[in-house]
Undergrad: 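This is the structure I have questions about; it appears just below.
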Number of protein chains: 2
Amino acid sequence: MSMSGNGPTKRPLGTCFVRAHRGLCADCRPELPCVVASYKSSDREFEAGQDLFSLGKPCDSIYNLTEGWVILYNLLEDGRRQILHFALPGAVLGFHPGDSAMMTYGAQALTDVTVSSIPHKALLPIVKQQPEFGLRLAWLIARDCSLAFDRLTSIGRHSASKRVAHLLLKLFIRYRAQWPGNQIEEMHLPLTQEDIGDATGLTSVHVNRVLGDLRKDGIVKFHYRRLQIINPDKLIDVARIDPQLVLSWIR
Amino acid sequence: MSMSGNGPTKRPLGTCFVRAHRGLCADCRPELPCVVASYKSSDREFEAGQDLFSLGKPCDSIYNLTEGWVILYNLLEDGRRQILHFALPGAVLGFHPGDSAMMTYGAQALTDVTVSSIPHKALLPIVKQQPEFGLRLAWLIARDCSLAFDRLTSIGRHSASKRVAHLLLKLFIRYRAQWPGNQIEEMHLPLTQEDIGDATGLTSVHVNRVLGDLRKDGIVKFHYRRLQIINPDKLIDVARIDPQLVLSWIR
DNA sequence: CGCTATCTTGAGGCGGATCAACCGCAGTGG
DNA sequence: CCACTGCGGTTGATCCGCCTCAAGATAGCG
């Protein structure tokens, strides 16, 4: 279940095939020389459904996601789940506060996934050789933190339909940002309605009703992991996101 | 409204007066040489209620909080608010994704506050001189991110009383961690019930009822900004936090 | 073709929001 | 000294959004 075949139909030739994933590697931000090239990072692959690391267990490496979708999640003792974050290519995973501490959340591959891993022990040497690496790492983590704050506001203060709309819009924009210059209004979104519920703090039953409403209102269709944005303006309105801000994301 | 006079009554002499605030400065993690000493960071003060930076405006410096409490928050168009994070001494504020971008959240001083500020422009030179600085920065931000994930789970999946208990317990533990070796069960918590509501996604009315229940059950008392933990074990149970984990925090 | 995961739809209940008083207390100004 | 004001907390009545439980329907897959 890779991302291939799910992409947009018309895609500009040339650089756009090089995904702008903004990770730790060399092609991400040209103005900063890259480190990973000089450090022999080892690639790993995970199948959809596998855990990259697990809740309550130690994790001795950080992962730089190069292909696929990963969710970070928390489990409650009664089996319910809260999805904390959707990681897209470029994300850094597993940089935890405190060396060799237990992870306080898990990471599961939503699709087949490839990552390059760097042991925690290697971080200090890398940083000494390439000081910019540390800043870039901080920058990537700060972005994830900002996304977490965003979802905190959504879950804490918005109604069900706004939460779902917000989630879909954000994922759509983040996905699209990986293929700059590309105009799409449809994408493969590897989620079940249960996943959407776990991310928005709702039950899958209620997510289903909300999606039905959004479809009836001609805003979005989400059916069997295919997301279509029918009316972007309405979606932005329902998601309670500043249109100005959306423009700045799209660039 | 400084923190003085609010501290615990019996405090071990000696090192415990040096607050372990784990910030960017030299006394935070002895194993890593510090940077800020070599960079002439400028101190600033803010009064309680003032904004360190505001939602939708640019912010050209990062702040290292040295004294006081700061909240990060979001405002909705209808005037409601979501508190995203409580920053305690040692925290790094204003390191935003993307240089000179608009802040997507605001920061307000809950008490009188002192910070040392470092312009964004100075970060790259600092990192080049002291590479560990970048790692420490990333580490601090990752910790905040982890706390945000924690609250996401609480708000998304727990009942009102669990959310409130979770918040109070976390704040208590984080406050106490600043004074290691100190046994206290009472603290000055500079929050209103409205603040607690804005942090937990509840209304102040409902927070009031929940606090009443917690008081009746002999778990905690929170009255006019004074928090007393009556029954820590029960609180840990209600907050749905792994007792093992709590122990590891307390050390 | 049966099995399982996912989606769909309905009925009923509850947790927390909303609306609306009222209290206690600290200023503050006459 | 007391009236006035404002903030924060307290309490009650009512309402509604979302959860829960339950029973199909549909799609994907070996």
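Per chain, numbering begins at 1; letters A, B, ... match sequence-line order.
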Undergrad: Would you call B:K234 and B:D217 a salt bridge, using N to O less than 4.0 angstrom?
TA: no
Undergrad: So which of residues 148-157 of chain B are in contact with DNA chain C, with a heavy-atom cut-off of under 4.0 Å?
TA: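 The answer is none.
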Undergrad: Using a heavy-atom cut-off of under 4.0 Å over every strand shown, decide if A:G197 touches base, sugar-phosphate, or nothing.
TA: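 The answer is nothing, as A:G197 stays clear of every strand by at least 4.0 Å.
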Undergrad: Got a donor-acceptor contact below 3.5 angstrom from the A:T200 side chain to the A:I196 backbone?
TA: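 Indeed, once roles are kept as given, a pair shorter than 3.5 Å links the two residues.
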Undergrad: Applying side-chain contact (heavy atoms from CB on, under 4.5 Å), name anything that partners A:S161, two or more places apart in sequence or on another chain.
TA: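 Testing A:S161 for side-chain contact (heavy atoms from CB on, under 4.5 Å), a comparison that skips the adjacent residues, returns A:S159, A:V210.
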Undergrad: Bend across the helix from C:dC1-D:dG30 to C:dG30-D:dC1, to 10°, with axes taken over 5 pairs at each end?
TA: 40°
Undergrad: Closer than 3.5 angstrom, by distance alone: can the side chain of B:H85 be matched with the main-chain N or O of B:I71 as a donor-acceptor pair?
TA: no
Undergrad: Does A:S117 use its side chain to pair, donor to acceptor, with the backbone of A:Y63 at less than 3.5 Å?
TA: no
Undergrad: Measure the spacing between SG of B:C59 and NE2 of B:H96 and express it to the nearest 0.5 Å.
TA: 5.0 Å
Undergrad: Check for a donor-acceptor pair, side chain of B:D112 on one end and backbone N or O of B:A48 on the other, with a separation under 3.5 Å.
TA: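 It does hold such a pair.
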Undergrad: A:D195: which residues meet the side chain to side chain donor-acceptor pair (under 3.5 Å) condition with it, sequence neighbours left out?
TA: A:R81, A:T192
Undergrad: Applying a 4.0 Å non-hydrogen cut-off, can you work out what B:T192 is touching in the nucleic acid: base, sugar-phosphate, or nothing?
TA: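 Sugar-phosphate contact only - B:T192 comes under 4.0 Å of backbone atoms but never of a base.
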Undergrad: How many Å lie between CD on B:E194 and C1' on D:dT10, as a whole number?
TA: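 Value for this atom pair: 14 Å.
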Undergrad: Output yes when a side-chain donor or acceptor of B:R44 lies under 3.5 Å from a complementary backbone atom of B:V115, and no otherwise.
TA: no
Undergrad: If you assign B:V207 and A:N208 each to the DNA chain C nucleotide with the nearest heavy atom, which residue ends up on the more 5' nucleotide?
TA: A:N208
Undergrad: Hey, is the side chain of B:H223 poking within less than 4.0 Å of OP1 or OP2 on D:dT10, counting only N and O atoms?
TA: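 Checking B:H223 against D:dT10: at least one side-chain N or O falls below 4.0 Å of OP1 or OP2.
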Undergrad: Which residues pass the side chain to side chain donor-acceptor pair (under 3.5 Å) test with B:R157, sequence neighbours left out?
TA: A:D198
Undergrad: Kindly write out the residues that satisfy side chain to side chain donor-acceptor pair (under 3.5 Å) with B:R80, not counting sequence neighbours, or none if the list is empty.
TA: B:D78
Undergrad: Any base atoms under 4.0 Å from A:L202, or only sugar-phosphate, or nothing? Heavy atoms, all strands.
TA: sugar-phosphate
Undergrad: So, the side chain of A:R215 versus the backbone of A:K221: is there a donor-acceptor pair under 3.5 Å, distance only?
TA: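 No: the side chain of A:R215 does not pair with the backbone of A:K221.
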Undergrad: Write down the distance between CG (B:L191) and P (D:dG8), rounded to a whole number of angstrom.
TA: 12 Å
Undergrad: Go through DNA chain C in 5' to 3' direction and return only the first and the last nucleotide with some atom under 4.0 Å of chain A's heavy atoms.
TA: C:dT6 to C:dA11
Undergrad: If I take atom CD in residue A:Q193 and atom P in nucleotide D:dC19, what distance separates them, rounded to the nearest angstrom?
TA: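 In whole Å, D:dC19 P and A:Q193 CD are 13 Å from each other.
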Undergrad: Under a 4.0 Å heavy-atom cut-off, which of residues 158-166 of chain A touch DNA chain D?
TA: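 Listed by number, they are A:S159, A:A160.
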Undergrad: Apply side chain to side chain donor-acceptor pair (under 3.5 Å) to A:N208 and list each qualifying residue two or more places apart in sequence or on a separate chain.
TA: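 With neighbours one apart ignored, the set is A:Q193.
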Undergrad: Counting C-beta onward and ignoring hydrogens, is there a side-chain heavy-atom pair between A:H166 and A:I241 closer than 4.5 Å?
TA: yes
Undergrad: Counting only N and O atoms by type, is there a donor-acceptor contact under 3.5 Å from the side chain of B:Q108 to the main-chain atoms of B:G49?
TA: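 Looks like yes, one N/O pair under 3.5 Å.
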Undergrad: Could you say whether A:R215 or B:R209 is positioned toward the 5' end of DNA chain C, judged by the nucleotide with the nearest heavy atom to each?
TA: A:R215
Undergrad: Is there a donor in the side chain of A:S116 and an acceptor in the side chain of A:D43, or the other way round, less than 3.5 Å apart?
TA: no
Undergrad: Could you run down nucleotides 22-30 of chain D 5' to 3' and tag each one B, S or - for protein heavy-atom contact under 4.0 Å?
TA: -----S---
Undergrad: Got a sec, which residues hit ring-ring contact (aromatic ring centres under 6.0 Å, His included) with B:F149, two or more places apart in sequence or on another chain?
TA: A:Y105
Undergrad: Expected output is a numbered-order residue list: members of residues 72-80 of chain A with a heavy atom under 4.0 Å from any atom of DNA chain C. What is it?
TA: none
